[in-house]
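Remarks on the structure that follows.
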Amino acid sequence: MLLQVDDISLSFGGIKALQNVCFSVKEAELFSIIGPNGAGKTSMLNCISGRYSPDKGSIKFAGEELLGRKTSERPEIGIGRTFQNLALFDHMTVLDNIMVGRHHLLKNNFLTGMAYWFGAQKEELEHRRHVEDIIDFLEIQHIRNAQAGTLSYGLRKRVELARAIALGPKLVLLDEPMAGMNMEEKEDMARFVVDLNQELGMTVIMIEHDMGVVMDISDRVMVLDFGAKVCDGLPEEVMANDHVQKAYLGADFDDEPETASQKEVA
Amino acid sequence: QSETDSIFVGNLVDYTGPTAFVSKFYGPGIKDAVEYINRNGGIDGTTIELEQIDYAYKVPQAIATYKRWTSNGKMVGLQGWGTGDTEALISFVAKDKIPTWSASYSGHLTDPTGINPKTTKPAPYNFFYGPSYSDACRAMVQWAKTDAEEKGIENPKFVHLGDNHPYPNAPKEACAEYATELGLEVLNPIVVPMAPGDFKAQCLTIKDSGANYAFMANLGGSVVSLLKSCKTVGADVTYMANIWGGDYLTIEASGAVDYIFPTASPFWEADAPGMDLVRKMYEEGTSDKSQKPTHHYIRGVCSAFYMKEAMEWAKANGGLTGENIRNGMYAKTDWVPAGLEGVCEPSTWTEKDHRGTTTVSVNKGSLIDGKVQIEKISTVELPRRDDWIGY
Amino acid sequence: MNWFLLTQLLANGLIVGMLYGVVAMCFVLIYKSTQVVNFAQGEFLVLGAWVCLAMVVKAGLPFYVAFPFTLVFMTIFGILIQTVILRPLIGEPIISIIMVTIALSIIMQSVLNWTFGNSSASFPQIFPVENVSLFGLQVETAYIMSLVLSFFVMALFYAFFQYSKYGLAMRATAYDQQAAQSLGVSVGQVFAMSWAISAVVSGIAGIIIGIVSGVSSSLAVIGIKVFPAVIVGGLDSIVGAIVGGVIIGLLENFAEFVDGQYLQWGNLYTIAPFYVLIIILVIKPYGLFGTRDIERI
Amino acid sequence: MGSTALRPCGDFRTTYKTDQYLFQTKVIGWTAAAALAVMILAPVLMSSYVVNLLILVGISGISALGLNVLVGMTGQISLGHAAFYGFGAFSSAYLANNYGVPVLIAIPLAGVMTAIVGMVFGLPAARIKGLYLAIATLASQFILVDFFSRATWFTNGYGVDASKPDFFGIPLDTDEKYFYVVLAWAVISMITVANLKRSRDGRALVAVRDHYLSAEIMGINLTKYRILAFGISSFFAGVAGALYAHYIEFVSVETFSIALSINFLAMIIIGGLGSVPGAFLGAMFIELLPQLVQIISGFLISVGPSVFGIIENGKSYVEQITVGTVIILFLIFEPEGIAHRVGQIRKSIKLYPFSY
Amino acid sequence: MLQVATEPKKAAAMENDILLAVDNIEVVYNEYVLVLRGLSLEVQRGSITALLGANGAGKSTTLKAISGLLKSEDGKITRGDIKFDGQIISNQEPDTTVRAGVSQVMEGRRIIQDMTALENLKLGAFTRKDRANIADDIDLVYSYFPRLKERTGLAGYLSGGEQQMLAIGRAMMARPKLILMDEPSMGLSPLLVKEVFGIIKKLNRDFGVTILLVEQNAAMALSCASHGYIMENGKVVLDGTAAELRENEDIKEFYLGGSGERKSFKNIKSFKRRKRWL
Ligand SMILES: Nc1ncnc2c1ncn2[C@@H]1O[C@H](COP(=O)(O)OP(=O)(O)OP(=O)(O)O)[C@@H](O)[C@H]1O
Ligand SMILES: Nc1ncnc2c1ncn2[C@@H]1O[C@H](COP(=O)(O)OP(=O)(O)OP(=O)(O)O)[C@@H](O)[C@H]1O
Ligand SMILES: [Mg+2]
Ligand SMILES: [Mg+2]
């Protein structure tokens, strides 16, 4: 078990964002979390990456207790993530954004950095090489020097992924990586995620609303609703769950009204 | 060198900064005087080219301006202004040999040789017309002592009011020392900010302290606010001001009653022999005439005229160089510039002692029925004690 | 311990603090609707005071006529400042706009000095009784006015921001100009409105301060002086502004007491609010009533 | 897709190293070299008035550059920079006067001392952000200035003398000689800050500014970098203050007011937030503008005293108003600063003759 | 059947029915980044029109150009013009455009986080004069999105999907003639996507609101739209009725996810050249 989440609860005022959630993720697994909006998926990732501290419970990463660890130390242990609502450094170039991901791996500090030519440069260039590989991998060469803030939504999502990869994590948490993409781009993204998992050997926890993608690429799926775990298991098992069908997929939502314009055209 | 038909004098003024309140009168005094001098033959034919620069009481700005003036090597004299910039320029003017007449009357500017142990930096090229801040304050204290005796106040108490700032601090220690010497009880000084505001808190403290005489070392709006606040609070204290803090405008704005302040020149309406000349200069001058001049204007005139006569001496004794002009300042004793009799106090500068005058007029002013009434109530002649040089 | 002096000082602090609160509200108003900290606030006060004084003294108008005229003048002035100077900067970095208010204060300081002179001047007696006794302390009548005023303005603002359509629009604009625009809010108009309101309240506060301390251009420093009040209360809280003002007022006077009676430190009066400010901020980073940023990711 | 970032033809970079160069194109490199050459020759070529102004611009520029690390890079607005500048000035004078430390060594030492003080005053930044922090720095301004007027052992209470430096026995006592001291420090500070920007900790600072929540999750210790920014910024403020002290030769307590703090802020906003040359361009703008306005108004008055009689009377006001107006106009037309405008011009030149 | 949009259709007879006409516009950001290069499109009154395209094609830019929000991003329409209801609205202040009857649901929701959901809705009605009906409309929005009523805290603490609902509801509050929707389904659960599209249709049918819909979920978008445009690189490259587009092979391949049978994402390993229409 790479990640062992035990009995996590989290509440904000009256809202119970998470209630006694337990699950575990194996090494090199591609694990998806699905659930209705507001179910607490993002909150779960926030607990793992240190943004929120749960009210109770424990999270063990590679056997070590995570809670109590400083947020900024978690990349060192091997946890990286992307964000649902885009959290890039808007005024930095794409390249610098990704270089920030290397922060915990770089050794130069402000003194050596200011001197630059005595050592720091060599190190910077080494890591730059690594970052360029990531850029190639995600096919974002053409925007390497663009300011992240001016990019379109979809491209920003991709830069986010690049930055998370640059952390060199063992476990990468992806929060809706494919939101706002068309089918073709989703395919690309799915391919990247699968590659991450299979070629770079990273363990992935992914939140995604596109069932096509989730069912296809995940090894296991967990469903959250109202902060509580509904079930987890193989994609097919989860899909078969009644609650999931009703509350999440909306199976019996079929009485679509016809629009005025369609009537006309028809 | 004296062949040139004009010499350059820089003049730092503050028309927009925190001390504009008084610089607006002192500066025109210099300007009108120099224009008058130029119209009437200049320095034996040499005209004075005066440039006034408003540095808004900012020291770096003053220094930049000074450097600009000295860069072409033409400046032979400087009419300075505030405490900060004058102190900052001490070593510059000493090195460049540029005699400086400032409107900062800090005690340590009177020590050209560094004779006083407290002097950190001798000021061989610095002059000013009038009593030093310390001397003016000493005169106030001395007056307070006699006043207390007359009124039968036993054990009179004295307090210094002012910001923790070089200008109000300048006379603080010297004055307190003399007050103690005279047998006044000196209370802990009370800090009053330089900027105006509501000072009832300070006034309550003053009232509570039981002070009889308070020396206000600030100027302008701060003094006005303080007087107003204390009036509301109802502290029964005699307020005494610094030379820059006492003029009819302050009295008018604050509605002060029995306000004691020092001067080193007569008032505008006074009929001293030299006042006609001053009024003529003013009438003919080009400076703003929207407001009646205060006595600060007259000190500006005196400052310009001492400079003028020192220059005349220099021109006759080797040429118009800074060094000669400085020596010109030592040439006379009990010196009153020609035509300004009764306007400028007789002054003497020597190589060891730059206290021009130690005579202080003490005045009392009140606002009665919307009219400012000022009377001179005494003249204090302070001894020229050696231990007071530069202090 | 000198209880008498202490109570007198504290009473004074309370009253002076109310006025700080009114000035602080002017800041808060601008901040709440434009995210800008107005460094020309002090000059706004002085402008109001001078204009009213000029009408009373130079034009010889009675105070109760000059006062409303001043407020009209301030309204126009606020709108003018916004349309001419600040409108072109809508959507630009906040810090640039703050810089513009600094430049504005430089300009206003000069214009005020030029037109009204550098000297201090006083209002003629305005209220039949100049001072009244409150808790055994002599207090200027103008302060009593400001006391009433501050509660009135505070209630008004509170209701305005909470319930009125323009109040909502102002808050929305401050939070996200683009989103507000997309809802049909004219950012320019909203900003003009808040500058006008702030100018009017500044005018009133300026007149009160002028009556109490005399009018002079250097009175503008009060603009900087109330920063601690604004921050202690919370930058965007109307109620906080008043509370912050009172706290700073009390604090100043308490510092004066401690200093005068025990420490003899010098200007604790001026400096103490700043020490306390830092302490309060470290404990409550958004002041006492400021809304905290939503830090979601 | 993505038309933004296509590099124009003619700018080929073949290694990552060249891509990291301080001077991104040859033109910039040559411009910098030419500027440096002009500066080196300045004392020979120009009048001492100009040299004096250049020294002041250089000193303010170093200080502004420090502030730019704090405000421009890290996004922490400081209204107390002048106090740190002042602390540097007094420290250097203190070291030189009381311990006989050679001035050229006292200057960086003063920088270090100021950095420590800066970090202490930066401690609240661990919790306070944005304008709240800005006002907290205003508090440090007041507290430090109060300290200056109180600590007579350090400042005499009103000011202290500072001597001109010696360079291996050569006294650097004229403006022309002192100019090189300032120039050296200006170059050093520009290079080090430019280096900082392209290395790990510089990026971390900018990341903290742009999105501190995600920066933290990317492994950046927020508290450390927020305080570090205060340290670096105060170091340069301290050095600049020390340079100022030994140039002016007298450090006055009155100098380090909020007005000066605001001036420094104006420099970087006008120069361009976060830009290294911008700090110096902004310093030039703010330092020279009043001088220029003064010269122009003096000229106008000398040309037509009758026409400009009004100006004559309120000359200083007209000057102040002009300075304020120029700043406002400048910000209306270029709210992001000189450096940004230069960048825009560069981009359109690159694309010439096509407008986009 | 399919037309290439380089020659904008100008059927004079239909002129009257065209609510929005974008005519050959060019948009530049920051004075040097050219994003739209001669884009034209038309939206018929009472229709739902879909605008599809890859990331970075310029869809959001198009919407911002119409609503006037471009200005606040340093963007400008440098050529061509936009007509709404017969009036030219290019480069107009956004509030004027809103008053004219255009609402926008911005990308990324952009709700005012430090106000409550209710306040956000009230704000949506900012331009309206008929104060009396506002309360009714709020109830209407609540009936569409019941869970908004339950959330009384600050909107910033709503979950992503809830915020999206709020954004749509807020746009409705202005009672616009035309709503510009930028990716309304982004980040919504499948159930909610269906709901949202249902609501879009309902809006269109019950209130006759015209909708210009930018969507990545092409299948959904084309299922409710009557007409569609495909954008690429700042231009319209393909347009037609929704039915036509649904049948187009390329669209099937790149937007709808294969022709009928579900594609397996797991097996897409090799680099795939994209077909482009340019
Ligand atoms: N910082 C916070 N303060 C208050 N409430 C919060 C906070 N963060 C999350 N919540 C609440 O917790 C619940 C879960 O939110 P979360 O963002 O985890 O949902 P989610 O599953 O990611 O939904 P979505 O798919 O819409 O993104 C929501 O009701 C939200 O309003
Ligand atoms: N403010 C801006 N400054 C400079 N360039 C910008 C700006 N906004 C957008 N762009 C550029 O314009 C292009 C189109 O962006 P736009 O946001 O319109 O794309 P989009 O079609 O909405 O993409 P997505 O589906 O990813 O949202 C992108 O290449 C983007 O980099
Ligand atoms: Mg989420
Ligand atoms: Mg978009």
Side-chain angles (χ1 to χ4, degrees), chain C residues 31 35-37 39 84-89 91-115 221 224 227-228 230-232 234-235 265-268 270-271 273-279 281-287 290 293 295-297, chain D residues 71-72 75 77 79 121 123-124 126-136 138-143 145-147 149-150 211-214 216-217 258-259 262-263 265-266 268-270 273 313-314 316-337:
Chain C
Y31 179 79
Q35 298 255 289
V36 169
V37 171
F39 273 85
V84 177
I85 297 176
L86 295 162
R87 185 157 300 182
L89 279 157
E92 299 301 349
I94 293 295
I95 189 161
S96 300
I97 303 177
I98 293 180
M99 190 65 231
V100 165
T101 67
I102 292 173
L104 187 65
S105 89
I106 296 176
I107 296 177
M108 284 182 70
Q109 189 78 47
S110 305
V111 172
L112 288 171
N113 271 317
W114 200 0
T115 29
V221 286
I224 302 264
F227 269 137
V230 178
I231 289 294
V232 164
L235 257 175
W265 215 44
N267 49 346
L268 206 56
T270 338
I271 218 75
F274 290 102
Y275 282 103
V276 174
L277 164 84
I278 292 186
I279 294 167
L281 279 185
V282 169
I283 299 166
K284 294 202 65 126
Y286 296 91
D293 294 341
E295 296 178 327
R296 270 192 87 182
I297 198 156
Chain D
V71 182
I77 301 174
L79 292 169
F121 279 96
L123 284 177
R127 277 179 62 79
I128 314 172
K129 291 182 289 287
L131 287 167
Y132 289 92
L133 179 64
I135 307 296
L138 185 72
S140 43
Q141 160 89 40
F142 280 102
I143 291 171
V145 169
D146 179 57
F147 166 77
S149 53
R150 197 177 291 289
H211 204 308
Y212 64 95
L213 291 175
S214 72
E216 189 176 23
I217 290 171
I258 318 174
I262 287 176
N263 248 12
L265 206 55
I268 58 170
I269 294 171
I270 284 178
L273 282 178
N313 251 342
S316 37
Y317 295 128
V318 176
E319 282 163 10
Q320 293 266 314
I321 293 169
T322 315
V323 169
T325 314
V326 171
I327 293 177
I328 290 181
L329 286 179
F330 180 85
L331 287 172
I332 287 178
F333 290 107
E334 194 41 74
E336 286 173 50

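Only a predicted model underlies this, so the values are computations on that prediction, with no experimental measurement involved.
Residue contact with chain D, scored on non-hydrogen atoms closer than 4.5 Å, is absent for C/I94. Residue C/L277 touches chain D through its side chain alone, counting heavy-atom pairs closer than 4.5 Å. Neither the backbone nor the side chain of D/I270 comes within contact range of chain C; no heavy atoms are under 4.5 Å apart. With a 4.5 angstrom heavy-atom cutoff, D/V71 touches chain C only via side-chain atoms. Proximity to chain C is absent for every atom of D/L123, based on heavy atoms less than 4.5 angstrom apart. D/I269 touches chain C through its side chain: at least one heavy atom from C-beta onward sits under 4.5 Å away, while N, CA, C and O do not. Proximity to chain C is limited to the side chain of D/Y212, based on heavy atoms less than 4.5 angstrom apart. In this structure, chain D has a heavy atom under 4.5 Å from the backbone of C/I283, while its side chain stays farther away. Both the backbone and the side chain of C/Y275 come within contact range of chain D, each with at least one heavy atom under 4.5 Å from a heavy atom of that chain. At a 4.5 Å heavy-atom cutoff, the contact between C/Q35 and chain D is made by backbone atoms alone. With a 4.5 Å cut-off on non-hydrogen atoms, D/S214 touches chain C through its backbone and its side chain both. Within the 4.5 angstrom heavy-atom criterion, atoms from both the backbone and the side chain of C/L281 approach chain D. With a threshold of 4.5 angstrom between heavy atoms, D/I77 approaches chain C through side-chain atoms but not through N, CA, C or O.
Annotation: side chain of D/D146 is in contact with side chain of C/W265 (closest heavy-atom distance under 4.5 Å). Side chains of C/S96 and D/E336 form no contact here, defined as non-hydrogen atoms less than 4.5 Å apart. Residues D/I332 and C/E92 are not in side-chain contact: their nearest non-hydrogen atoms beyond the backbone lie 4.5 Å or more apart. Side-chain atoms of D/L138 and C/I231, non-hydrogen and from C-beta on, never get closer than 4.5 Å to each other.
Between D/A136 and C/I278, the shortest heavy-atom distance links the atoms O-CD1, 4.1 Å.
Not a single donor-acceptor pair under 3.5 Å links the side chain of C/S110 to the backbone N or O of D/Q320.
Chain D forms more heavy-atom pairs under 4.5 Å with one residue of C/V100, C/V282, C/I85 than with any other, namely C/V282. Interface summary for chain D: among C/V111, C/L104, C/L235, the most heavy-atom pairs under 4.5 angstrom belong to C/L235. Interface check for chain C: of the options D/I327, D/I135, D/V326, the most heavy-atom pairs under 4.5 Å are formed by D/I135. Per-residue heavy-atom pair counts under 4.5 Å with chain D were compared for C/I106, C/L89, C/I98, and the maximum is reached by C/L89.
The line from CD1 of D/I143 to CZ of C/F274 is 8.5 Å long, rounded to the nearest 0.5 Å. Note that CZ of D/F147 is 12.5 Å distant from CD1 of C/I271, once rounded to the nearest 0.5 Å. The line from CG of D/L79 to CD1 of C/I102 is 7.0 Å long, rounded to the nearest 0.5 Å. For the atom pair C/I107 CD1 and D/T325 OG1, the distance stands at 3.5 Å (nearest 0.5 Å). Atom CD1 in D/I268 sits 6.0 Å away from atom CD1 in C/I95 (nearest 0.5 Å). In this structure, CD1 in D/I328 is found 8.0 Å from CG in C/L86, a value given to the nearest 0.5 Å.
Taking the six-membered ring for Trp and thresholds of 30 and 60 degrees, D/Y132 and C/Y286 have ring planes more than 60 degrees apart, a perpendicular arrangement.
Tested against D/F142 for a side-chain contact (heavy atoms from CB on, under 4.5 Å), the candidates C/N267, C/T270, C/I224 yield a single pass: C/I224.
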